[in-house]
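Here is the structure we will look at.
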Amino acid sequence: MSSEKLFLALRLEGPLQSWGFDSQYNRRNTGLMPTKSAIAGMCLAALGYPRGSDEEKKFLSFFKAVSMTSIAIPRQGDKKELSVHRLQDYHTIQNTRKAGGGIKNCHITQRQYLTDAAFGILLEGDIPFLDTTAKALIDPKWGIWLGRKTCIPSVPVFAGITSDRREAFALLIGEKSLKLFTRQEDVENFGDGSDSLPDAAVSFASDRRQFAPRRVRILQAGKD
């Protein structure tokens, strides 16, 4: 990988979003910020790389070196700013297959979604790698979803790509100061972070899904 960097800006807007990071069994929760594994999965879908493939493995080995910044961007309704809420769905599926091979009459899950949320994502990394990813996001081979297939983007996900960090943020928030927005960003040194998230994808293969921890810091709106 080269020492020079590109900045790839993504825009995540839609009626529903779901960014799972601590789902267990029949409870499928969502975080308040997009996960890095979900962004990786979105890029892999755009590229058309199958789960567990050699192409996926190579992509994820490069993606782990990409630095990600997530920005919560308030949405404006009729004369007021819309509040983000968690919506919980009582979800049922009939005739699902059990691990042992039998058929389960009805499978019940509790699934969470975010409503009225919008995010800007900035990916910073190697030029050839992000350039290839950007081209795929412009003309994706497979569908792109905001965490789940029920969460359809309402605007194009690709917002732009540039070699200038300031220009990249402007693609997402215009001329406003970044300090006005709550954001979450990757850190290189553990001590610089405030939380560790298990969302750095190592493999999406159905029989060997694996994730590594990612160290981040959260900066609240109005603060440095």
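- Residue P153 comes nearest to I144 through the heavy atom pair CD-O, 3.3 Å, listed as atom of the first residue, atom of the second, then distance.
- A distance of 6.0 Å separates CH2 of W145 from CD1 of I152, quoted to the nearest 0.5 Å.
- For the pair R86 and Y113, the cation-pi criterion (under 6.0 Å, within 45° of the ring axis) is not fulfilled.
- Electrostatic pairing of D199 and R214 counts as a salt bridge here, judged by a charged N lying under 4.0 Å from a carboxylate O.
- The pair E124-R165 meets the salt-bridge criterion, with a side-chain N (NZ, NE, NH1 or NH2) lying under 4.0 Å from an Asp/Glu carboxylate O.
- Here the side chain of S53 pairs no donor or acceptor atom with the backbone of Y49 at under 3.5 angstrom.
- A donor and an acceptor atom, one from each side chain of T30 and Q112, are nowhere located under 3.5 Å apart.
- How far CE of M68 is from OG1 of T35: 7.0 Å, rounded to the nearest 0.5 Å.
- Enclosure of atom CD in Q76 by more than 12 non-hydrogen atoms of other residues, nucleotides or ligands within 6.0 angstrom is indicated.
- Remark: F59 pairs with F63, F129 by the ring-ring contact (aromatic ring centres under 6.0 Å, His included) rule, at least two apart or across chains.
- Remark: K135 engages D131 in a salt bridge, criterion side-chain N to carboxylate O under 4.0 Å.
- Note: T182 OG1 to F119 CZ = 10.5 Å, rounded to the nearest 0.5 Å.
- Using modelled atom types, one side-chain atom of Q17 and one backbone atom of L12 make a donor-acceptor pair closer than 3.5 Å.
- Residues S18 and R148 bring a donor and an acceptor atom of their side chains to less than 3.5 Å of each other.
- A pairwise comparison of heavy atoms in P34 and S70 identifies O-OG, 4.1 Å as the closest pair.
- The main-chain N or O of L122 is never found under 3.5 Å from a side-chain atom of T69 such that the two would form a donor-acceptor pair.
- In plain terms, the two heavy atoms of A118 and E13 that are nearest each other are CB-CG, 3.7 Å.
- Judged by a 6.0 Å distance limit and a 45° cone about the ring axis, R215 is positioned over the six-membered ring of F190.
- At least one side-chain heavy atom of E185 sits under 4.5 Å from a side-chain heavy atom of R217.
- Hydrophobic clustering (ILVMFWY, side-chain heavy atoms < 4.5 Å, transitive): I121 and L47 are in one cluster.
- Residues passing the side-chain hydrogen bond (donor to acceptor under 3.5 Å, both in side chains) test with D192, sequence neighbours excluded: N189.
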- Message: D126 vs E4, test: side chain to side chain contact (heavy atoms under 4.5 Å, CB included). Steps then yes/no.
- Response: CA-CA 6 Å; D126 178 67; E4 297 183 26; over 6 Å; no

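- The two residues A134 and F158 make their nearest non-hydrogen contact at CB-CE1, 3.7 Å.
- Taking hydrophobic clusters as Ile, Leu, Val, Met, Phe, Trp and Tyr residues chained together by side-chain heavy-atom distances below 4.5 Å, L171 does not share a cluster with I73.
- Taking the side-chain hydrogen bond (donor to acceptor under 3.5 Å, both in side chains) definition, one finds that K176 meets it with nothing, sequence neighbours left out.
- A continuous path of hydrophobic side-chain contacts links L10 to L6 [ILVMFWY only; heavy atoms under 4.5 Å].
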- Message: Applying side chain to side chain contact (heavy atoms under 4.5 Å, CB included) to V216 and L197, what does each step give before you reach the verdict?
- Response: CA-CA 8 Å; V216 301; L197 305 175; 4.1 Å; yes

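- Note that CD1 of I71 and CG of L180 are 11.5 Å apart. Values are rounded to the nearest 0.5 Å.
- Here the shortest heavy-atom pairing between L172 and A159 reads CD2-CB, 4.0 Å.
- Around atom CG of D164, more than 12 heavy atoms belonging to other residues, nucleotides or ligands sit under 6.0 Å away.
- Of the charged side-chain nitrogens involved, none lies within less than 4.0 Å of a carboxylate oxygen, so that E56 and R51 do not count as a salt-bridged pair.
- Under the 4.5 Å side-chain contact rule for hydrophobic residues, I127 and L123 share a cluster.
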- Task: Determine, step by step, whether E81 and R75 satisfy the salt bridge (charged side-chain N to carboxylate O under 4.0 Å, His left out) criterion, reporting the C-alpha distance in whole Å, the side-chain angles of both residues, the deciding distance to 0.1 Å, and the verdict.
- Result: CA-CA 6 Å; E81 186 177 293; R75 297 182 64 186; over 6 Å; no

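- Side-chain heavy atoms closer than 4.5 Å link hydrophobic residues (I, L, V, M, F, W, Y) into clusters, and following such links, possibly through other members, connects L60 to M42.
- Within the model, atoms CE of M33 and CH2 of W19 stand 12.0 Å from one another, a figure rounded to the nearest 0.5 Å.
- One distance of note links OG1 of T133 with CG of L8; it measures 7.0 Å at 0.5 Å rounding.
- A pairwise comparison of heavy atoms in F211 and S37 identifies CE2-CB, 3.7 Å as the closest pair.
- A donor-acceptor pair is defined here as one N or O able to donate and one able to accept, closer than 3.5 Å; such a pair exists between the side chain of R183 and the backbone of F181.
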